[in-house]
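When a ligand or atom number is given, it counts from 1 through the structure's own listing order. Numbering of residues begins at 1 and proceeds along the displayed sequence.
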Amino acid sequence: MDMDKLVSLCKRRGFIFPSSEIYGGINGFWDYGPLGVELKRNIKEAWWQDTIRSRDDVVGLDCSIIMHPKVWEASGHVGGFSDPMSTCRQCKRLVRTDQVWDQLRESEWFNSLEGVETNAKSLMQWVNKKGKKLAPGLALVRNPSVTLSWLDEKVLKDPDVQIEFKEFIQHLATEQFAMTGLQTPCPTCGGDLTEPRDFNLMFETNVGAVVEDANKAYLRPETAQGIFANFKNVVDTGRVKCPFGIGQVGKSFRNEITPRNYIFRSREFEQMELEFFCHPDESDEWYSYWRKTRFQWYIDHGLQSNNLRLRDHDPDELAFYSKATADIEYAFPFGVSELEGIAHRSDYDLKQHQKFSGKDLSYFDEERWERDKAGLGLTAFKDYLKGRETEEKPGYPYQYVPHVIEPSAGADRATLAFLCEAYQEDEVGGETRTVLKFHPRLAPIKAAVFPLVKRDGMPELAEKIYRDLKKQNNVFFDEKGAIGRRYRRQDEAGTPFGITVDSQTLTDGTVTFRDRDSCRQWRVPSAGVVDAVRDLLNGAPIPEA
Ligand code: GAP
């Protein structure tokens with residue numbers, strides 16, 4: 001699938017626009033248009049329904065974006081939520097040190113060096129033809145004689161010296177080898193990069209009228225911490241008993257250094273996070289459960305399993321407190337990348353908040369206590385209790401800080417994956433059409449209603465069907481243009497069903513239904529349209545031809 005074609009369709013049809021485009025846009029921020037907002041909403045609603053509403057053991061939460069700054073000290077985001085960054089001394093851009101070579105491989109000036117011979121004459125030709133325009137910051141371009149003399153000294157003059165391409169590029173970026181050693185160039189302009197420095201990814205703001213350190217606050221970089229901070233509040237409502245989860249959907253903000261790949265990595269995005277609290281002895285089972293359940297969710301909503309991967313982290317990739325983590329990855333056109341992470345976070349987060357807030361966040365598992373007491377009998381139960389608790393774990397196994405399993409998904413990344421998966425070009429009636437084959441549950445428009453012609457009472461009949469359907473669903477009415485073109489427009493919007501009022505409707509009261517994917521058509525009585533659409537959206541099979 002060609003990413004450029006998808007991006008252009010998304011703009012043209014109103015899925016996604018660059019934010020503030022009339023002012024030239026702002027990097028890392030995106031707006032969802034009329035179709036995009038419906039798609040993303042359907043994804044979030046499907047998540048909310050399946051992860052929260054349909055379950056007895058999960059409740060929802062919606063907490064503030066700006067929280068007490070201590071939350072971010074406890075979570076480690078103030079001290080550690082940073083990536084080592086380098087700044088380009090020439091163009092002043094920041095670049096994530098661990099991404100420099102990936103970005104270089106994508107950069108125009110770097111790729112334009114392919115095939116250029118490693119001798120002074122060819123390099124100077126490249127400088128004059130391309131380098132001055134594409135890489136004005138590169139040492140070879142700024143100061144060719146010095147750079148070439150070092151290159152000559154180290155590499156060119158001895159034909160037996162073989163160096164890797166990476167090292168060769170570093171030589172082109174190095175002006176004063178003796179003073180600086182080899183330099184790594186800036187992916188944008190080829191200039192010198194500074195030594196890596198930590199750069200905190202949290203957006204800062206001020207609460208109240210006075211701008212001073214005491215009023216500093218942050219836009220949340222994840223929704224998860226709001227759940228931990230409300231753990232006790234939710235337990236105190238008495239509605240939940242371990243094991244249970246708290247889910248939240250909402251905006252998060254990260255000052256990403258290199259927002260890239262369309263909406264994949266942006267600075268403002270939405271997360272769909274579940275924190276599932278359970279007994280430490282049962283946490284491994286719950287981890288396996290959520291790992292499988294979340295993977296299956298994407299398949300059930302139309303992502304082909306051969307485009308999806310479930311990648312378990314190697315032990316050396318795990319955070320020190322995590323027992324296990326798996327990433328659900330999708331094969332995007334720009335590479336295989338993370339859609340969602342499922343992490344076994346042990347009792348780390350609650351213990352951190354316990355430490356920083358001074359509040360007891362342990363949980364007394366009354367149900368387990370009663371169950372074990374009834375199962376063992378009082379005497380055996382008392383014996384069992386002896387020696388179970390330790391000084392470190394008072395009250396164990398009934399009083400404990402729950403372990404947490406966290407499936408953490410991105411709504412924007414899911415939107416992108418569903419768009420990539422849905423995008424197809426196929427042949428219909430000898431013509432190529434572009435179609436978005438969304439799962440009906442996610443499709444922005446569920447059905448489109450068309451009068452075949454604008455006369456004989458067809459528009460009125462079609463409008464009535466449209467109004468009836470609109471009470472339940474997002475549907476579309478279109479009476480303009482040839483019917484084939486109207487079908488194509490809806491195929492591009494990903495609308496699963498078309499309903500046409502035609503001349504037969506006037507004689508037998510039936511309308512034509514059309515299935516987007518197979519283009520199969522069948523007839524349904526007008527009075528049964530609302531039920532038929534509901535059944536199809538609930539997975540009823542498309543009638544055979
Ligand atoms: N609470 C855990 C957490 O936030 P994460 O791996 O940093 O973990 C979870 O983020 C998910 O949020 C990712 O799998 C991704 O889907 C989404 N996400 C993270 N950063 C993002 C960004 N800059 N743009 C879009 N989505 C992002």
> Do Phe165 and Phe110 have ring centroids that are under 6.0 Å from one another?
Replying inline: yes
> Do the ring centers of Phe231 and Phe277 come within less than 6.0 Å of each other?
Replying inline: yes
>> If I apply the N/O under 3.5 Å rule, does Arg345 come out as touching ligand 1?
In response: no
>> If we set the cut-off at 4.0 Å for heavy atoms, which region of Arg267 has an atom near ligand 1: side chain, backbone, both, or neither?
In response: neither
> With respect to Arg220, which candidate in Ser75, Cys63, Ser64 satisfies the side-chain contact (heavy atoms from CB on, under 4.5 Å) definition?
Replying inline: Cys63
>> Counting only nitrogen or oxygen atoms and a 3.5 angstrom limit, does Ser266 reach ligand 1?
In response: yes
>> I need the atoms of ligand 1 closer than 4.0 Å to a non-hydrogen atom of Glu338, numbered in the order shown.
In response: 6 (O), 13 (C), 14 (O)
> Quick check: does Glu222 get an N/O under 3.5 Å from an N/O on ligand 1?
Replying inline: yes
> Quick one: does Ala409 get an N or O within less than 3.5 Å of an N or O on ligand 1?
Replying inline: no
>> Return the CG to CG distance between Leu536 and Asp515, rounded to the nearest 0.5 Å.
In response: 8.0 Å
> Is any side-chain heavy atom of Ser322 less than 4.5 Å from a side-chain heavy atom of Arg345?
Replying inline: no
> Should the proximity of Glu340 to ligand 1, defined as any heavy atom under 4.0 Å, be assigned to the side chain, the backbone, both, or neither?
Replying inline: backbone
> Where on Asp327 is there a heavy atom closer than 4.0 Å to ligand 1, on the side chain, on the backbone, on both, or on neither?
Replying inline: neither
>> Are Met202 and Val78 packed together at the side-chain level, in the sense that at least one heavy-atom pair is separated by less than 4.5 angstrom?
In response: yes
>> At under 4.0 Å between heavy atoms, is it the side chain or the backbone of Ala224 that contacts ligand 1, or both, or neither?
In response: side chain
> Just by distance, do the side chain of Glu338 and the backbone of Asp327 share a donor-acceptor pair under 3.5 Å?
Replying inline: no
> With atoms numbered from 1 as shown, which atoms in ligand 1 lie under 4.0 angstrom from a non-hydrogen atom of Gly410?
Replying inline: 16 (O), 17 (C)
> With only distance considered, is Glu256 within less than 3.5 Å of ligand 1 through an N or O on each side?
Replying inline: yes
>> Is a donor from one side chain sitting under 3.5 angstrom from an acceptor on the other, for Gln49 and Ser54?
In response: no
> Should you measure from each heavy atom of Glu273, which atoms of ligand 1 turn up under 4.0 Å away?
Replying inline: 1 (N), 2 (C), 3 (C), 4 (O)
